[in-house]
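Order of the sequence lines sets the chain letters (A, B, ...), proteins ahead of strands, with each chain counted from 1.
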Amino acid sequence: MSTLELSEQEIIRRKSLEELNKLGINAYPAAQYKTTHLSTEIKQEFDPEKDNMKEVVIAGRIMSRRIMGKASFAELQDAEGRIQIYLNRDDMCPGEDKTLYNTVFKKLLDMGDIIGVKGFVFQTQMGETTLHVQELTVLSKSLKPLPIVKEKDGKTYDAFTDPEMRYRQRYVDLIVNPQVKEVFEKRRTIIRTMREMFDNAGYLEVETPILQPIPGGASARPFITHHNALDIPLYMRIANELYLKRLIVGGFDGVYEFAKDFRNEGMDRTHNPEFTVMEIYVAYKDYKWMMEFTETMLEKVALALHGKTTVTIGDKEIDFKAPYRRLTMIDAIKEHTGIDINGMNEEQLFKVCDELHIEVDETFGKGKLIDEIFGEKCEGHMIQPTFITDYPVEMSPLCKKHRDNPELTERFELMVNGKELCNAYTELNDPIDQLERFQEQMKLSEKGDDEAMFIDMDFVRALEYGMPPTSGMGIGIDRLTMFMTGQDSIQDVLFFPQMRPEKKVQPDSDEKFAELGIAPEWIEVIRAIGFSKVDALKETKHTKIFQDICGYNKKNKLGLKNPSQDEVKAWLA
RNA sequence: GACUCAGUAGCUCAGCUGGUAGAGCAACGCCCUUUUAAGGCGUGGGUCCAGGGUUCGAAUCCCUGCUGAGUCACCA
């Protein structure tokens with residue numbers, strides 16, 4: 001990168017780096033740096049009465065500096081937090097040579113640099129536990145200045161909040177906004193709590209294909225890719241359901257997977273193209289059992305995170321204490337619209353949608369119509385955790401028919417804060433019924449529903465060998481994390497949410513400028529005054545370019561010999 | 001995909017009905033040995049997102065585009 005494209009502060013930092021090298025200091029040393037403590041450990045263990053920490057070594061990033069002549073305070077941030085360090089010229093440099101303090105620390109180090117320090121711990125007059133530095137090692141020089149965030153009594157000054165920069169440069173966000181780390185630590189706790197529960201129950205954690213020849217297990221548009229050696233299309237999975245059920249056929253009594261799924265659909269506050277789902281399948285159980293299992297699981301997760309079952313989301317308090325309300329889909333619709341859709345045919349349902357002013361189109365089947373009514377009129381009202389049960393058979397092609405009503409299926413979704421969180425079935429294990437349901441989906445697909453499921457004949461074949469009665473459940477981990485941590489955007493629970501790629505104007509090469517007869521030393525200057533393209537340069541008056549580059553030369557004290565006006569004119573000819 | 005809002009110094013933001021850009025922090029220089037968001041004094045720092053248009057003159061008004069956020073639509 002040419003220095004002319006850098007900001008003033010970046011240039012200064014690069015110069016400091018050179019100065020360090022000249023002093024024989026490697027700003028990027030290779031050797032391991034052995035620390036004895038983390039910042040939090042020092043704060044916990046230090047007892048000023050006993051003066052019990054005479055030699056500690058820590059490493060971290062300089063986050064603030066207060067220099068007062070021969071002594072300075074700085075804050076070092078490590079993986080756990082921040083600790084203040086105290087640097088005194090004559091303690092760091094006991095001999096005649098004061099370079100390490102005067103030059104290295106005061107002049108050549110900056111906020112953002114990573115250093116290691118060795119010394120003893122004491123308490124300042126202000127009562128703050130502080131490390132008195134006796135040795136300092138440069139571990140990594142930072143060439144880009146960090147945003148400066150300051151905080152006092154919980155009030156934050158100059159917070160780094162621009163969402164675009166926070167998500168694109170998550171590393172900066174993590175350095176500067178400590179609360180962000182907490183969200184991801186909680187995410188880990190959520191997953192760990194669930195995994196422990198499943199493992200204790202004896203279920204097996206498994207991995208199944210992400211690249212699938214038939215994208216099954218859900219209704220969604222997949223990403224398509226291509227395998228060169230096989231010369232076939234492959235789909236990124238939209239669900240892992242069919243593979244996990246094959247494993248139940250194979251003889252495992254309980255399997256689960258924390259899986260990345262991919263759906264080629266719109267993005268918004270609750271949808272990212274890739275997202276994490278946990279699916280679990282347990283043999284010899286039904287969806288009633290699974291409801292109890294699910295509410296127990298969520299109660300455990302809430303307790304592990306907060307020590308209580310209630311969680312605050314926005315202005316609402318949500319209680320994850322089991323048991324949760326159970327409500328059939330038909331009853332939910334009755335409750336929120338006053339209409340009993342029980343036993344209605346497709347035509348009648350179209351009429352209901354019309355009365356309720358719900359937009360539909362003729363490709364919709366019975367199941368999708370009911371789903372629309374529910375989604376439009378009921379879903380948003382389910383704030384406290386509520387199991388919605390017994391979905392119409394048309395919208396649940398992988399789910400067993402209801403034991404009391406063949407129009408319905410043994411399915412539940414868990415609604416929280418007006419959003420779907422879990423989806424579960426008594427799994428369909430009748431191979432003949434399963435094939436028919438797949439064929440129904442084919443008809444929907446022919447009708448124009450581009451999300452209807454594909455037929456997976458191998459899955460049907462697996463069922464033909466016999467799958468024990470099984471219940472399965474899927475839960476969106478991102479959404480769960482949002483609920484449990486009070487974040488209202490999925491981008492805040494993913495380290496690297498999908499973003500449009502950054503676009504940079506691709507500048508013309510040096511060669512292209514050189515072809516015009518421009519001397520190498522002037523090419524950078526021409527870029528610096530705003531011309532990255534040869535074409536743009538050619539369309540500009542030579543007098544303006546002449547003035548701009550001479551002005552730039554003078555202003556930045558480059559010491560170049562200015563070209564004549566005619567020379568500049570010749571470049572553009 | 002539609003609409004609304006936003007994009008100005010490394011960061012957070014001002015900038016009125018058009019008159020060639022300001023503050024705080026950060027940086028740089030000097031002075032300061034237990035300070036704590038911010039010590040004192042001084043200095044520098046900008047392709048005002050990009051490209052067009054209107055105008056004597058555009059950060060400001062108009063159009064197009066790019067990026068992000070929000071609302072809706074689509075979607076589990």
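Atom C1' of nucleotide B/U36 and atom CZ of A/Phe122 are separated by 12 Å, given to the nearest angstrom. The separation between A/Ile148 atom CD1 and B/A37 atom C1' is 11 Å, rounded to whole Å. Residue A/Glu379 contributes atom CD, which lies 12 Å from atom P of B/A76 at whole-angstrom precision.
Using atom C1' as the reference point in both B/G19 and B/U55, the two lie 12 Å apart (nearest Å). When the P atom is compared between B/G22 and B/A27, the two are found 23 Å apart, to the nearest whole Å. Of the P atoms belonging to B/A23 and B/G65, the separation is 37 Å, rounded to the nearest Å. Comparing the C1' positions of B/A69 and B/G45 gives a spacing of 30 Å, expressed to the nearest Å. Taking atom C1' on both nucleotides, B/C62 is separated from B/A58 by 11 Å, rounded to a whole Å. When the C1' atom is compared between B/A14 and B/A59, the two are found 12 Å apart, to the nearest whole Å.
Phosphate contact (OP1/OP2 of B/U71, side-chain N/O of A/Arg269, threshold under 4.0 Å): present. Checking the phosphate oxygens (OP1, OP2) of B/U67, a side-chain nitrogen or oxygen of A/Arg500 falls inside 4.0 Å. In terms of phosphate contacts, A/Lys150 brings a side-chain nitrogen or oxygen within less than 4.0 Å of OP1 or OP2 of B/A26. A sub-4.0 Å separation between OP1 or OP2 of B/G68 and a side-chain N or O of A/Arg168 is present.
Closest to the A/Tyr167 side chain, of the nucleotides B/C28, B/A69, B/C30, is B/A69. Across B/A76, B/U12, B/U33, the shortest atom-to-atom separation from the side chain of A/Lys70 is found for B/U33. Side chain of A/Gln125, nearest nucleotide from B/U35, B/G10, B/G68: B/U35. Checking B/A76, B/G29, B/G10 against every side-chain atom of A/Ser219, the shortest atom distance belongs to B/A76. You'll find that the side chain of A/Glu164 is closest to B/U67, out of B/U67, B/A76, B/A37. Listed nucleotides: B/A76, B/G45, B/A26. Nearest to the side chain of A/Arg411: B/A76. The side chain of A/Gln84 lies closest to B/U36, out of B/U36, B/A73, B/C11. Residue A/Glu413 places its side chain closer to B/A76 than to any other of B/U36, B/A76, B/C75. For A/Ser7, counting side-chain heavy atoms from C-beta on, the closest listed nucleotide (B/G10, B/C28, B/A76) is B/G10. Nearest nucleotide to the side chain of A/Met165, out of B/A76, B/C11, B/A27: B/C11.
Annotation: cation-pi geometry not satisfied between A/Arg479 and A/Phe275 (NZ/CZ under 6.0 angstrom from ring centroid, within 45° of ring axis).
No hydrogens or angles were tested; on distance alone, nothing pairs the side chain of A/Glu151 with the base of B/A37 as donor and acceptor under 3.5 Å. Side chain A/Thr124 to base B/U36: a donor-acceptor pair is found below 3.5 Å.
Searching all strands for a Watson-Crick or G-U wobble partner of B/U4 with both distances below 3.5 Å returns B/A69.
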